[in-house]
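As structure tokens, the structure follows; a few thoughts come after it.
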Amino acid sequence: TGSLFNASGFPDGTEFLQWIPVTQNYVINYYDTGAGATTPDQSWYMADYATPTNAPVLNVGQGSFIVPTGAYSWSQVLTNQ
């Protein structure tokens with residue numbers, strides 16, 4: 001099962017590439033709070049930068065890249081469930 005990661009607070013325009021093993025390619029999404037979003041969860045857009053989408057969900061070991069448009073310190077708190 002997938003897990004949400006801390007998928008908010010990125011600089012606007014941040015690109016997120018998520019590796020999809022089945023199709024052997026990346027899904028590209030963008031984070032932008034200035035495009036009409038009222039909550040951080042509504043700040044994600046598909047590669048066309050116009051179609052809203054859900055925040056990325058990652059599986060353990062799944063490849064991904066975060067390409068911020070400015071300085072950004074990412075932190076993640078993990079819990080044992």
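Closest heavy-atom contact between Ala71 and Pro11: O-CG, 4.0 Å.
Formation of a donor-acceptor pair under 3.5 Å by the Gln18 side chain with backbone atoms of Val57 is found in this model. Judged purely by atom type and a 3.5 angstrom limit, Asn59 has no side-chain atom pairing as donor or acceptor with the backbone of Gln62.
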Output, in order, the C-alpha distance, side-chain angles, deciding distance and verdict of side-chain contact (heavy atoms from CB on, under 4.5 Å) for Gln24 and Trp19.
CA-CA 7 Å; Gln24 295 288 295; Trp19 181 249; 3.7 Å; yes

Evaluate the side-chain contact (heavy atoms from CB on, under 4.5 Å) criterion for residues Ser64 and Leu58: first the C-alpha distance (whole Å), next the side-chain angles of each, then the deciding distance (0.1 Å), finally the verdict.
CA-CA 8 Å; Ser64 64; Leu58 295 174; 4.0 Å; yes

Which is it for Thr14 and Ile66 under the side-chain contact (heavy atoms from CB on, under 4.5 Å) test, yes or no, and what are the steps along the way?
CA-CA 7 Å; Thr14 292; Ile66 298 171; 3.8 Å; yes

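In this pair, Tyr31 and Phe10 present their aromatic rings perpendicular. The plane angle is above 60°, beyond the 30 to 60° band. Between Phe16 and Trp44, the two ring planes are perpendicular [angle over 60°; tilted spans 30° to 60°].
Connectivity analysis of hydrophobic side chains (ILVMFWY, heavy atoms under 4.5 Å, direct or indirect) links Ile20 to Val27.
Under the rule for a side-chain contact (heavy atoms from CB on, under 4.5 Å), the partners of Pro52 that lie at least two apart in sequence or sit in another chain are Tyr45.
Each of Asn29, Asp32, Ile28 was checked for a side-chain contact (heavy atoms from CB on, under 4.5 Å) with Tyr49, and the lone residue meeting it is Asp32.
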